Every structure is written in C-alpha cells, then in structure tokens.
A.B. asks: 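Sharing a structure here in structure tokens format.
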Protein chains: 2
Amino acid sequence: MTGAPPPRHATIEDVARAAGVSRAAVSKVLRNAYGVSDGMRERVTAAMAELNYRPRIAARAMRGRTYTLGIELPDLANHFFARIARGATSALEGTPYQLIIAPAEAGSREGLRALEALVDRQVDGVIAVSPRVDEAGLERISGSVPVVMFGRHDTSDRYDVVAGDDAAGARAAMQHLFDLGHRRIAHLTLHESGAFEPFPHGVRLREYEAAMDAAGLGERAMVWRTDEGEGPSAEVVRRMLADGTTATAVFAAHDELAFGAMRAASEAGVPLAVVGYDDVPMASHPGLGLTTVHQPGEAMGARAVEMLLERIAGRTEPMHEIFEIELKVRTSTRAPSG
Amino acid sequence: MTGAPPPRHATIEDVARAAGVSRAAVSKVLRNAYGVSDGMRERVTAAMAELNYRPRIAARAMRGRTYTLGIELPDLANHFFARIARGATSALEGTPYQLIIAPAEAGSREGLRALEALVDRQVDGVIAVSPRVDEAGLERISGSVPVVMFGRHDTSDRYDVVAGDDAAGARAAMQHLFDLGHRRIAHLTLHESGAFEPFPHGVRLREYEAAMDAAGLGERAMVWRTDEGEGPSAEVVRRMLADGTTATAVFAAHDELAFGAMRAASEAGVPLAVVGYDDVPMASHPGLGLTTVHQPGEAMGARAVEMLLERIAGRTEPMHEIFEIELKVRTSTRAPSG
DNA sequence: ATGAAAGCGCTAACAG
DNA sequence: CTGTTAGCGCTTTCAT
C-alpha cells in the first residue's frame with residue numbers, strides 16, 4: 001500500500017489483481033467451491049485480508065443468495081417477540097446467515113408492508129410472526145421466498161408453520177381460574193380486527209367462550225376489547241372497573257394486556273385475579289407475580305430458523321409444528337380474594 | 001405453461017414492454033425524475049400496477065440508494081432499545097425509507113458484526129446504539145456510510161451523536177438518594193468491559209463515584225458488577241444481600257438491572273431503595289414503582305433518523321445532540337425504611 | 001485447475 | 001420529452 005488506504009470498498013476484482021488470479025478464482029475461494037488449489041486459496045485469502053475485502057451482498061443478490069433471513073415482528077414492545085428473535089439469532093450462530101428484523105408496528109397494512117420490504121431486499125427466507133396478511137398475500141410471498149409462519153394456525157402447503165398450542169393454553173388458564181372458584185371471568189383481548197382465527201388471539205378467545213359454555217356460564221361471558229399495549233389495556237380495565245363490572249377474574253390474551261389489567265386493578269384497589277399468556281420475563285417478578293401460560297419463545301424462534309434453513313437447502317414438504325405450553329401459577333391468582 | 005401468471009418477479013424491462021416505452025422512462029417515473037409526460041407517466045403507472053411490479057433493492061443498490069436505514073441494537077430484551085426503534089420507525093413514515101434492525105446480542109465483537117452486516121447490505125445510513133466498537137472500526141464504517149452514534153459520548157467529525165445527559169441523570173439519581181437520607185449507596189453496573197467511558201454506563205459510574213466523593217463518602221463507594229439482564233442482576237444482588245452488605249440503596253445503571261435488584265431484595269425481604277435509569281414502561285407499574293431517570297427514547301430515536309436523513313441529503317458538519325433527562329420519583333425509593 | 005465472459009435489474013449520462 | 005447504452009460487483013457456465 002502506498003500512502004492512504006483506498007477510500008473505496010475493495011471489490012472482487014481488486015482481490016483478484018492483488019492475488020494475481022481471475023475473479024472467478026476469488027469467487028470460488030469465497031464460496032468454498034470445488035476446484036481451487038491450496039496455493040491459490042492461500043494467496044487469495046491473504047489478498048482478501050490485506051485489502052479488508054468484504055463481498056457486497058447486493059451484487060451477490062443479483063445472482064444468488066443474500067445470506068440474509070428476515071423476520072417480521074408485530075410489536076417490539078412485547079417482550080415475547082424479543083425472545084423469538086433471540087432464539088432465531090442464536091440458531092444462526094455459526095452459519096453464514098444474518099438475521100434482520102423488520103418492525104411492523106400497528107396498523108393492519110403494516111405487516112404486509114414489512115414483509116414486502118423484506119422480499120424487496122431479497123432475503124433468502126422470511127419468518128412472519130402473526131402477520132396480518134390475507135392468504136392471497138401470503139401465498140404470493142411464499143411463491144418468491146421460503147416462509148415460516150409463526151403463531152397463526154392456518155396451514156398451507158406453501159409454507160411452514162410454528163405455533164404454540166393456544167387451545168391447550170387457553171383451556172389451562174380457564175381451568176385454573178375455575179379451580180380457584182371463579183365464575184365471573186372476563187376475557188381481555190384485542191379488537192375484532194386482531195382477535196379472530198387463525199390468529200392466536202382468535203383461538204384463545206374461542207377457547208375462552210367454549211370453556212365458559214362448558215361450565216354453564218355461557219351467558220356470563222364478558223369479552224373486553226382493547227388496543228395493543230399495556231397502556232390501552234389498563235385504560236379499558238379502568239373503565240370496566242369504574243362501570244362496576246362483576247368480574248372477579250380476567251384471562252388476558254397476552255402478558256402486556258395482563259399487566260395493564262393488574263395496573264388498573266391495583267390503582268382501583270380492587271382484587272382481580274389475572275392470568276396472562278406468554279410468560280415474559282417480568283411476569284415472574286415478585287412485584288407482579290403474574291400467573292401465565294408459558295410459551296418457549298426462544299426454542300420456537302430457533303425452530304423456525306431451522307425450518308427455513310431446511311427449505312433453503314431443498315426441502316419441499318410443508319411442516320407444521322405445535323409447541324407445548326405450561327401454566328405458571330403465581331400470585332396474581334392467589335391474591336386475598338382471588 | 002401459458003396460462004398461469006408468470007412465476008418470476010416482474011422487472012423494469014417487463015413494465016417497459018407492457019407500457020410500450022423504454023426502461024429509462026420507467027425508471028424515471030419510478031424516481032419521480034424530471035422529464036416525463038403525463039401520458040407516459042400514466043401508462044407506466046398502469047403497467048406497474050398491472051404487473052404488480054416492485055423494484056429490486058439489490059439492483060438499485062448497485063447504482064445508488066437502497067432506501068434502507070439500519071439500526072444496530074445491543075439488547076432486544078431491554079425495552080429502552082425498543083423505544084428507540086419505534087421512534088426511528090415512526091420518523092420514517094411517509095418517507096420511502098425502510099428501517100431494518102440488526103440485533104447484536106451479547107459479546108464484545110457482536111456490535112461490530114452487526115454493524116458490518118448492515119454495511120455489507122449497503123444501507124443508506126446506520127444508527128449504532130452504544131456500539132462496542134473501537135474508534136478505528138467506527139471511523140472505517142463512517143467512511144462508507146453515514147453514521148449516527150447513539151448513546152456514547154465520544155464525538156467525531158465523521159459521524160453524528162445523539163445521547164442522553166447521563167452525567168445529569170446520574171447526579172439527579174444520587175441527589176435523590178442523598179435527600180432521602182441514604183449514605184450507603186451501591187452502584188450496580190455492568191462489568192468493566194461494558195461500563196467505561198465514553199459509554200453511558202461509564203459516565204454514570206463516574207458520576208456515582210464523584211457524587212460519593214463530594215458527599216465525603218468516597219471510601220464507602222460500592223460498585224457491584226453484573227452481566228447484562230435482569231436475571232444476572234438479581235443473582236448478583238442476591239449474593240450481596242446474603243453476604244450482608246450494608247448498602248441501604250442501589251443506583252442501578254439501567255432499569256433491567258434495577259428490576260433484578262428489586263427482585264432480589266423482595267425475595268430476601270430486605271428493604272432496599274432502588275433507582276434505575278431509562279424509565280421503561282414497566283417502571284411505572286404499581287407493582288414495581290421504580291424511581292428512575294427518564295430518557296425520551298422515542299424522541300431520541302426519531303432525532304437520530306432525522307440526522308441520518310440530513311446527512312444523506314448532503315449535510316457534512318457533524319452534529320452532537322444531548323437530550324435532557326427527568327427524574328421520576330416512585331415508590332421504590334419511598335418504601336418503609338427506604 | 002484456472003480463466004473468459006455473459007448476464008442479474010437497475011440508474012444515469014448522453015444522444016436524439 | 002424519450003430512448004440507447006454503459007456499467008455496478010458478483011456468480012456461473014463453459015472453454016482451455
């Protein structure tokens with residue numbers, strides 16, 4: 001090197017020149033392809049190090065892989081999704097793949113937007129977490145890139161599915177409340193636009209209603225609807241409490257909503273048994289002690305990645321994997337009059 | 001097969017043919033470039049819709065923009081980082097840009113890895129959140145893409161900086177504890193490898209020590225070190241408590257660590273005043289009531305994006321913006337003997 | 001075992 | 001106002 005380092009990124013051409021070989025040779029070394037002598041590999045490797053060479057993903061993308069997997073997440077504020085992402089990331093360790101996250105935020109069209117952003121960037125595979133996207137959109141996407149659908153319970157022969165056993169989870173939650181003697185149990189869930197089957201919340205809602213029916217409490221069913229997040233949830237429960245609801249217990253569709261319910265009940269000084277769903281880390285905090293349905297988020301995220309990698313490697317038969325849940329009983333359902 | 005829709009993605013060429021114009025024309029319409037008649041724009045737009053055309057980012061990347069901004073996040077489990085990402089995302093609404101997140105996870109080399117993954121993918125700009133990357137690495141990166149450094153307090157004329165006023169925040173926290181009568185105050189922070197200047201935790205540590213010194217308590221300073229996360233934090237505090245620490249209060253370097261301290265104290269039945277940092281949403285939950293230093297995460301994330309966009313638009317003078325903090329007093333420092 | 005050369009889809013001069 | 005054309009950096013036959 002003579003003077004300052006080149007301001008521009010080194011290309012495969014630069015490496016080839018420095019090593020005195022052809023671009024094709026460098027490319028082969030890069031990809032561990034067949035047909036390179038040890039001597040050549042050595043020189044090329046040295047030149048790459050010397051020039052601090054890094055292949056440009058965009059150029060690669062024009063011909064083949066991007067070595068990028070994308071995951072669409074609906075709500076960064078929900079810690080359960082962070083666990084999925086962590087599981088996915090750790091499953092990628094030691095592989096040449098990199099995970100990128102596309103946040104979807106609220107809004108029914110946002111899921112599609114995020115997914116398409118990922119496809120536009122030519123990721124080699126996509127994990128779609130509870131995407132609010134209709135079948136047509138999903139089929140289209142899975143036509144151009146391997147997809148693992150996370151959370152939803154509709155299956156397809158075009159993509160794989162990883163989900164928790166929401167029916168069992170909801171039943172366990174309700175059974176627990178019944179066992180404790182509760183009869184006036186409300187279900188706190190998202191608005192109609194977010195809580196219908198095949199979405200997890202839709203399944204949980206269905207099982208709530210089925211459980212109430214089976215217990216002969218069908219006409220006492222109370223479904224409370226809220227916007228996403230702990231704040232809106234607390235607001236809704238605050239209003240229910242102020243309106244003098246007779247509910248003694250709440251089965252919340254996920255932990256964030258449950259925390260909101262606990263907040264409202266605590267503020268109002270009203271005893272209210274609360275069960276959540278997911279078992280985010282804070283649920284076990286002594287100050288909260290939220291009884292909840294545990295889902296193995298990390299394991300599920302890791303499995304989703306494995307499935308994607310298998311698809312990329314050539315598998316074509318669709319897979320559908322349901323993870324077991326586990327009820328975690330804590331103080332939120334053991335409070336004085338809970 | 002001549003019946004089914006083309007399985008392959010439509011290209012600019014396909015659109016041009018369908019509209020009976022040249023590729024250049026389509027490209028111009030796409031970019032709103034100067035010099036297209038209304039008629040042509042109309043036909044091209046129709047063809048794009050008809051073919052469901054979406055430009056390939058990778059191909060664009062070879063010539064210019066990717067319309068992608070990358071953010072490197074050190075810890076998805078920390079809700080403060082989720083707020084930054086949300087602020088960044090919302091600041092991008094209405095622009096043609098898309099945000100992608102590269103998770104760094106633990107490990108000193110992970111920050112660099114994530115940042116380089118972003119650069120390899122040719123994002124148009126990068127937000128590096130408290131990156132564990134030395135100056136050389138950072139300068140190299142900022143040589144090839146606009147960078148906004150988030151959190152750290154070292155400045156450079158190569159990149160912009162957005163940070164909170166950590167010195168003021170730490171002073172406010174300590175002053176609050178002093179005002180309450182505490183003298184034996186421990187500081188709970190990360191290990192040496194993560195808590196040194198110019199990192200936020202380094203600044204908070206320095207101010208803790210300065211405050212103790214100024215109060216004539218220099219030799220009573222207690223610095224507790226932990227790995228990242230609520231669990232490890234609880235473990236450390238559990239041990240301190242078991243070892244009979246004399247501390248009556250803990251200033252934790254961030255809320256997750258504070259929650260861990262509260263968990264340990266609660267389990268042990270020991271009254272321990274706790275102050276956190278960041279003010280994550282759960283801090284205000286009645287079950288927790290964590291006194292903490294509020295940082296406007298969303299606003300900071302949004303500002304980082306604005307700076308990046310300005311840089312991309314041509315600004316060259318470096319910017320350095322410090323956000324004000326605000327102490328939120330809650331019950332964790334008002335407990336019985338707190 | 002190695003290299004030459006043809007594109008991948010797009011943008012940006014440049015020419016008309 | 002519209003079209004032609006030359007690449008961007010890489011992978012991948014296909015010769016040699």
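Since the model is a prediction, treat every value here as computed from it, not as a measurement. Each chain gets a letter, A, B and so on, in the order the sequences are listed, and its residues count up from 1.
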A.B. asks: Please list, chain by chain and in numerical order, all residues satisfying side-chain hydrogen bond (donor to acceptor under 3.5 Å, both in side chains) with A:Asn78, sequence neighbours excluded.
C.D. replies: none
A.B. asks: In degrees, rounded to 10°, what is the bend between the two ends of the helix from C:dA1-D:dT16 to C:dG16-D:dC1, using five pairs at each?
C.D. replies: 40°
A.B. asks: Run the side-chain hydrogen bond (donor to acceptor under 3.5 Å, both in side chains) test against A:Glu197 and tell me which residues pass, sequence neighbours left out.
C.D. replies: A:Arg206
A.B. asks: Would you list the pairs meeting ring-ring contact (aromatic ring centres under 6.0 Å, His included) in which at least one residue belongs to residues 104-156 of chain A, sequence neighbours left out?
C.D. replies: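 ring-ring contact (aromatic ring centres under 6.0 Å, His included) check on residues 104-156 of chain A returns no pairs.
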A.B. asks: So, using side chain to side chain contact (heavy atoms under 4.5 Å, CB included) as the criterion, who are the partners of A:Ser142 when residues are at least two apart?
C.D. replies: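 Expected list: A:Val147, A:Arg158, A:Tyr159.
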A.B. asks: Only distances under 3.5 Å count here; give the side-chain donor-acceptor pairs of residues 36-44 of chain A to other protein atoms, sequence neighbours excluded, each with its distance to 0.1 Å.
C.D. replies:
from	atom 1	to	atom 2	distance (Å)
A:Ser37	OG	A:Met40	N	3.2
A:Arg43	NH1	A:Ala19	O	3.2

A.B. asks: Considering the options B:Arg54, B:Arg56, B:Gln98, which one meets the side-chain hydrogen bond (donor to acceptor under 3.5 Å, both in side chains) requirement together with A:Asp120?
C.D. replies: B:Arg54
A.B. asks: Enumerate the ring-ring contact (aromatic ring centres under 6.0 Å, His included) contacts for residues 35-64 of chain B, please, sequence neighbours excluded, ordered by first and then second residue.
C.D. replies: none
A.B. asks: Would you please name every residue forming a side-chain hydrogen bond (donor to acceptor under 3.5 Å, both in side chains) with B:Arg315, sequence neighbours left out?
C.D. replies: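 Listed in chain order: B:Asp160, B:Glu310.
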A.B. asks: Give me the residues of residues 24-32 of chain A where at least one heavy atom lies under 4.0 Å from an atom of DNA chain C, by number, or none.
C.D. replies: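 Residues of residues 24-32 of chain A that come under 4.0 Å of DNA chain C are, in numerical order, A:Ala24, A:Ala25, A:Lys28.
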A.B. asks: Please, which pairs that meet ring-ring contact (aromatic ring centres under 6.0 Å, His included) have at least one residue in residues 74-99 of chain A, sequence neighbours excluded?
C.D. replies: A:Tyr67-A:Tyr97
A.B. asks: Under 3.5 Å, which N/O atoms of the protein pair with N/O atoms of nucleotides 7-9 of chain D?
C.D. replies:
from	atom 1	to	atom 2	distance (Å)
D:dG7	N2	B:Arg63	NE	2.6
D:dG9	N2	A:Ala59	O	3.3

A.B. asks: Can you pull out every ring-ring contact (aromatic ring centres under 6.0 Å, His included) where at least one residue sits in residues 104-147 of chain A? Sequence neighbours excluded, please.
C.D. replies: none
